[in-house]
Amino acid sequence: MTQQIRRVLVRSLDDITLEHVHAPVPGDGELLVRTTVVGVCGSDTHAAAGHHPFIDLPYRPGHEAVGVVAATGWGAGEFAPGDRVLIEPNLYCSRCPQCRSGRYNICQELKVFGCQTPGAMADLFTIPADRVHRVPAGMTDLQAVLVEPLATPVHAVAKTGDLTGRTVAVLGAGPIGLLTVVAARHAGADRIVVTDLLESKRARALRLGADEALSAGSPDLAERAHAALGGPADVVFDCAARGESMTQAVDIVTKGGHIVVVGVGATGNTPVRLDLVQDREIRIEGTLMYTAEDYRTAMSLIAAGAVDTAEIITATYPLEKAALAFSASLDLEQVKVLVTVDGR
């Protein structure tokens, strides 16, 4: 009899269920992986609400995943059953100019495992063997599941060059914003100020290495940020990516400074003071996902203890309660919510 597995299906925020399907079989160059833990990303909840610009409903989530290899397809390289792995979910074509230059994170035909294809929020899943990394020896599953979300800030920070001695503002203290603090500090930032509406998130930012944490609702936010940094910020990471945060970013950054849009922006028009962007020679740049180099950096940071998992992971639910996990993720007091799989 063909084995049946459970897999999460998201039709909307109010319609998140388990579907029972035949267990997948690894094809050539693929691994069959048994999920142990998977994160609920902000992209997941945005998609479930119908607000994500690049994820269509219904979808089958799970792109922040750790698991154990259960079987291998022909030509799956050096992996073997029992290996602990974490996934790098960007699925790229290898043919376009971006891929050929090594920037496969912006592949012209990019798909994301668990966003445009069925993901790892399931008992078992298949994935190309070149899209997984071994979990380093001594790293727990709870540490490993944070590699993917940390790799995004690592990539964003790398875009700004050497941060040694430079000042940084991080707008938004959700999971990505908090991890941007870690990545920026590792890259040598001299002073870091974080903004958020919630006091609890600001407190976490301070514990993770920020020098100052300010209310994003302050009417004089730019002035307060300048005072905390000793002047306008050299670099601003917009992890909120909303009209208000972009306006704040332009006000906070220095002349000739750099704004990096890290969060997934809201659809529609976002007002930007183009006169100020032009007059101050402000550079505004987007950043998408990561590459293997960013993954290696993220793994080394986590292995070195740079990320306190207790500050990032705030709730855990079993697979059969995935709907509750999504609901919990909507609570702004939460940071990272996980779904665990019992290995059946």
Side-chain angles (χ1 to χ4, degrees), residues 10 24 26-31 33 38-39 41-44 46-47 51-67 73 75-79 85-121 125-134 145-161 175-176 179-180 183 237-239 241 258-267 283-299:
V10 178
D28 292 351
E30 290 187 333
L31 302 176
V33 180
V38 58
C41 178
S43 294
D44 289 315
H46 292 161
H51 297 157
H52 197 289
F54 309 117
I55 304 176
D56 297 326
L57 293 170
Y59 86 111
R60 295 159 177 84
H63 65 272
E64 303 175 357
V66 178
E78 57 189 33
F79 292 97
V85 295
L86 56 92
I87 69 169
E88 184 187 336
N90 31 15
L91 306 174
Y92 55 92
C93 74
S94 300
R95 301 180 300 273
C96 70
Q98 287 74 19
C99 285
R100 293 199 302 271
S101 69
R103 302 177 71 192
Y104 61 82
N105 60 301
I106 52 171
C107 168
Q108 291 186 5
E109 300 178 22
L110 181 69
K111 293 183 179 180
V112 179
F113 176 85
C115 295
Q116 289 81 36
T117 70
M121 205 169 284
F125 63 91
T126 56
I127 192 166
D130 65 0
R131 296 290 78 219
V132 306
H133 299 261
R134 293 183 185 277
V145 79
L146 296 182
V147 170
E148 191 277 344
L150 177 58
T152 292
V154 166
H155 183 77
V157 167
K159 283 185 163 293
T160 66
I176 296 300
L179 292 173
T180 298
F237 295 99
D238 185 355
C239 300
H258 194 167
I259 297 171
V260 183
V261 181
V262 188
V264 177
T267 57
R283 177 182 176 187
I284 301 176
E285 182 175 12
T287 180
L288 178 67
M289 299 186 75
Y290 29 66
T291 64
E293 181 179 357
D294 303 311
Y295 253 59
R296 287 189 288 269
T297 299
M299 282 190 280

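For reference, positions follow the sequence shown, starting with 1.
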Any idea which heavy atoms bring [X] and [Y] closest together, and the distance?
X	Y	value
Val157	Ala183	CG2-CB, 3.8 Å
Gly62	Val38	CA-CG2, 3.7 Å
Thr180	Pro153	OG1-CB, 3.4 Å
Cys107	Cys96	CA-SG, 3.9 Å
Cys115	His63	SG-ND1, 3.9 Å
Gly102	Thr291	O-CG2, 4.0 Å

With sequence neighbours excluded, what pairs up with [X] under the side chain to side chain contact (heavy atoms under 4.5 Å, CB included) test?
X	value
Pro149	Glu64, Leu146, Ile176, Leu179
Ala158	none
Phe79	Leu31, Asp83, Val85, Ala129, Val132, Arg134
Val261	Ala241, Met246, Ile284

*Judged by atom type as modelled, is there a donor-acceptor pair below 3.5 Å linking the side chain of His155 to the main-chain atoms of Ala151?*
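No, His155 side chain to Ala151 backbone: no donor-acceptor pair under 3.5 Å.
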*Qualifying residue, where the test is side chain to side chain contact (heavy atoms under 4.5 Å, CB included) with Thr117 and the options are Val112, Leu91, Ile127*: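 Result for side chain to side chain contact (heavy atoms under 4.5 Å, CB included) with Thr117: Leu91.
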_Trace of the side chain to side chain contact (heavy atoms under 4.5 Å, CB included) decision for Thr126 with Val33_ = CA-CA 6 Å; Thr126 56; Val33 180; over 6 Å; no
_Rounded at 0.5 Å granularity, tell me how far NE2 in His51 sits from OG in Ser43._
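Spacing of NE2 (His51) from OG (Ser43) equals 13.5 Å.
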*asked:* Just verifying a value: how many Å separate Thr297 OG1 and Leu150 CG, rounded to the nearest 0.5 Å?
replied: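 The distance works out to 9.0 Å.
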With side chains defined as the heavy atoms from C-beta onward, is the minimum distance between [X] and [Y] less than 4.5 Å?
X	Y	answer
Leu86	Val145	no
Pro89	Met289	yes
Pro53	Val264	yes
Ile87	Phe125	yes
Leu110	Asn90	yes

_Pairing residues for Tyr295 by the ring-ring contact (aromatic ring centres under 6.0 Å, His included) criterion, not counting sequence neighbours_ =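 Partners of Tyr295 under the ring-ring contact (aromatic ring centres under 6.0 Å, His included) test: His133, Tyr290.
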_Phe237: which residues meet the ring-ring contact (aromatic ring centres under 6.0 Å, His included) condition with it, sequence neighbours left out?_
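ring-ring contact (aromatic ring centres under 6.0 Å, His included) list for Phe237, sorted by chain: empty.
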_List the residues meeting side-chain hydrogen bond (donor to acceptor under 3.5 Å, both in side chains) with Glu30, not counting sequence neighbours, and say none if there are none._
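Glu30 satisfies side-chain hydrogen bond (donor to acceptor under 3.5 Å, both in side chains) with no other residue.
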_Residues forming a side-chain hydrogen bond (donor to acceptor under 3.5 Å, both in side chains) with Arg283, sequence neighbours excluded_ =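 Expected list: Glu285.
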_Working note: Thr160 + Val260, criterion side chain to side chain contact (heavy atoms under 4.5 Å, CB included); need CA distance, chi angles, decisive distance, verdict._
CA-CA 8 Å; Thr160 66; Val260 183; 3.7 Å; yes
*Restricting to pairs with a member in residues 103-120, which pass salt bridge (charged side-chain N to carboxylate O under 4.0 Å, His left out), not counting sequence neighbours?*
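Applying salt bridge (charged side-chain N to carboxylate O under 4.0 Å, His left out) to every pair that reaches into residues 103-120, excluding sequence neighbours, yields Arg95-Glu109.
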_salt bridge (charged side-chain N to carboxylate O under 4.0 Å, His left out) contacts touching residues 286-299 (sequence neighbours left out)_ =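 As it turns out, there is no salt bridge (charged side-chain N to carboxylate O under 4.0 Å, His left out) pair with a partner in residues 286-299 once direct neighbours are skipped.
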*asked:* I'd like to know if the side chain of Tyr59 pairs up with that of Asp44 as donor and acceptor (distance under 3.5 Å, no hydrogens or angles considered).
replied: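 Yes, Asp44 and Tyr59 have a side-chain donor paired with an acceptor closer than 3.5 Å.
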*Partner set under salt bridge (charged side-chain N to carboxylate O under 4.0 Å, His left out) for Glu88, not counting sequence neighbours*: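 Per chain and number, Glu88 pairs via salt bridge (charged side-chain N to carboxylate O under 4.0 Å, His left out) with Arg131.
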